[in-house]
Amino acid sequence: MDAPDSTIAKPTDKALAMATSGRAAPPATIVIFGAAGDLTKRLLMPALYNLAKSGALSDKLAIVGVDHNDRSTEDWIRTLSELRDPKTLDAATWSWLTGRMQFLQGDFLDPDAYKRLGQLLAKRQQEHGVGSALFYMAVADRFFGPIIEHLGKAGLANQSESAWRRVIIEKPFGHDLASAKALNAQILKVLSEDQIYRIDHFLGKETVQNIQVLRFANGIFEPLWNRDHIDHVQITAAETVGVETRGRFYEQTGALRDMVPSHLFQLLAMIGMEPPSSFTANAVRNKETELFQAIRPVTPSDAVRGQYGPGTIDGKPVPGYRQEPNVAPDSSTETYVGLKLGIDTWRWAGVPFYMRTGKRLATRTTEIAVCFRQAPYGLFRDTPVERLPPNILLLRIQPDEGLSISFSAKRPGPEIKIDGVAMDFAYKDYFGPLAAVGYETLLYDCLLGDATLFRRADAVEVSWCAVQGLLDDWPRNAPQDFPNYAAGGSGPQAADALLARDNRAWLPIKPERRHLTASNVC
Ligand code: BG6
């Protein structure tokens with residue numbers, strides 16, 4: 001493809017773009033509950049570092065880390081520094097950031113911790129005139145409700161004209177419809193909906209945000225984006241990792257709860273929603289919610305579950321799920337799920353959306369394949385062409401971020417022979433590698449008060465509603481065939497059968513299939 005137009009803004013990172021236009025986030029105190037945890041180390045601090053480096057944070061920012069183990073601020077910073085690669089670390093940025101950090105020992109359930117936090121925030125207000133605070137729940141989900149209740153009791157959720165108070169809540173938001181409703185009810189007693197930022201980290205991915213630009217900023221796609229032209233859509237989130245050290249969590253959760261009503265539905269929303277009237281948070285989220293409301297509740301006959309047995313990944317033998325730490329030797333927990341969804345809207349009536357996600361599959365790829373209707377074959381009846389390759393728009397969410405479009409071309413020669421070929425766009429060719437960890441935009445947007453990329457209460461509840469039938473049915477009908485796919489494979493055979501009964505097939509999950517050609521599409 002041609003070199004990028006110089007008028008196109010180079011940085012793909014919104015925060016960076018904002019910063020270069022001089023718009024740093026407003027002053028605030030970020031309070032991280034779970035400061036000693038994995039999420040803080042691996043994602044939050046690196047994201048804050050990236051934001052700081054691009055100048056997107058206010059000089060009056062402060063970060064307070066709350067956790068139950070006693071440690072000094074220096075110790076806290078030291079554990080975070082150990083994860084940084086000194087070769088790539090910008091020392092000035094790191095020192096700018098760490099100079100604004102403070103550790104506060106406190107039990108999440110102890111009112112005294114909130115009293116001390118309140119004093120600290122009041123001091124910030126007096127000394128620096130900064131009253132706004134963002135509370136980040138980087139804790140196990142059982143603490144979400146209690147921490148917010150404590151914030152409420154201590155008066156820390158109260159806003160004033162000059163001081164906002166916001167809360168970011170991590171995943172999982174509930175385990176089913178009833179628990180999600182209960183959690184919403186509990187936190188909405190303390191906070192108003194516009195103070196709550198429910199995170200789905202898939203919405204922090206540039207490639208996910210780009211789906212809206214692809215659809216709504218290009219004249220060529222949207223006219224085709226409906227049941228007249230699209231045959232079906234495939235959404236895949238394949239992972240090569242197993243459950244690693246998360247056996248205890250995963251046994252209770254499984255692939256359906258872990259991935260479908262959150263991450264995969266967010267991808268579905270981006271693909272399926274109607275155009276919003278603007279990019280304001282509620283305009284976008286109204287359209288998302290309308291789409292979720294139109295999902296026909298999934299029935300067991302349109303769903304497949306699987307569990308990995310021992311196998312080989314990257315040439316190395318790996319254990320089966322039942323042999324992983326903290327997993328029952330006869331576990332019925334699914335590590336793979338495949339679904340067929342129907343969406344009852346004018347745009348999508350009759351267009352199936354197939355979804356699959358699994359651990360220990362042959363390759364790591366998150367992608368969306370929009371498969372267009374075939375052109376009529378009749379014209380090629382008397383030629384050597386046996387079938388017309390399908391037109392597929394493949395959105396590669398990760399890795400190898402980009403997209404490709406496959407279409408038919410005449411193979412040079414005297415006879416009419418057709419090959420499937422593809423046009424390809426890779427982010428790295430235009431914008432360089434994506435340096436962000438995925439939380440930058442989310443943190444930045446929350447500081448700005450923009451909730452577009454966060455999940456609203458009604459969207460969360462209606463998403464659980466769509467899969468509640470499966471959550472009810474599966475525990476009552478324990479699978480007899482687990483494990484039913486080998487680690488390193490493509491998932492259970494039943495998943496292939498789910499599409500075969502509609503005369504369709506999944507795009508293969510193979511490490512070598514990065515670009516679509518005739519030989520490797522469905
Ligand atoms: C998390 C799930 O929310 O998303 C994990 O709990 C999963 O099980 C992860 O591995 C996938 O996210 P990503 O960004 O690595 O594709």
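As the structure lists them, so they are numbered: ligands from 1, and atoms in each ligand from 1. Residue numbers run from 1 in the order of the sequence given.
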Verify whether one side chain among Gln266 and Arg455 offers a donor that lies under 3.5 Å from an acceptor in the other.
-> yes
Of the protein's non-hydrogen atoms, which lies at the shortest distance from atom 14 (O) of ligand 1, and what is that distance?
-> Lys205 NZ, 2.6 Å
Say whether Lys359, considering both its backbone and side-chain N or O atoms, lies within less than 3.5 Å of an N or O atom on ligand 1.
-> yes
Using the ring of each side chain (for Trp, its six-membered ring), is Phe143 parallel, tilted or perpendicular to Phe108, with breaks at 30° and 60°?
-> perpendicular
Please write down residue, atom name and distance for the protein heavy atom closest to atom 11 (C) of ligand 1.
-> Glu239 OE2, 3.8 Å
Closest protein heavy atom (residue, atom, distance) for atom 15 (O) of ligand 1 = Gln398 NE2, 4.2 Å
Using distance alone, with no hydrogens and no angle criterion, decide if Tyr321 and Glu251 have a side-chain donor and acceptor under 3.5 Å apart.
-> yes
Test of proximity, His263 against ligand 1: N or O pairs below 3.5 Å | yes
For Thr207 and Asn210, does a side-chain donor sit closer than 3.5 Å to a side-chain acceptor?
-> no
Test of proximity, Arg246 against ligand 1: N or O pairs below 3.5 Å | yes
Can you tell me which residue and heavy atom of the protein come closest to atom 8 (O) of ligand 1, and the distance to 0.1 Å?
-> Asp258 OD2, 2.5 Å
Side chains of Glu290 and Asn286: do they bring a donor and an acceptor to under 3.5 Å?
-> no
Tyr250 and ligand 1 - part of the residue with a heavy-atom distance under 4.0 Å = neither
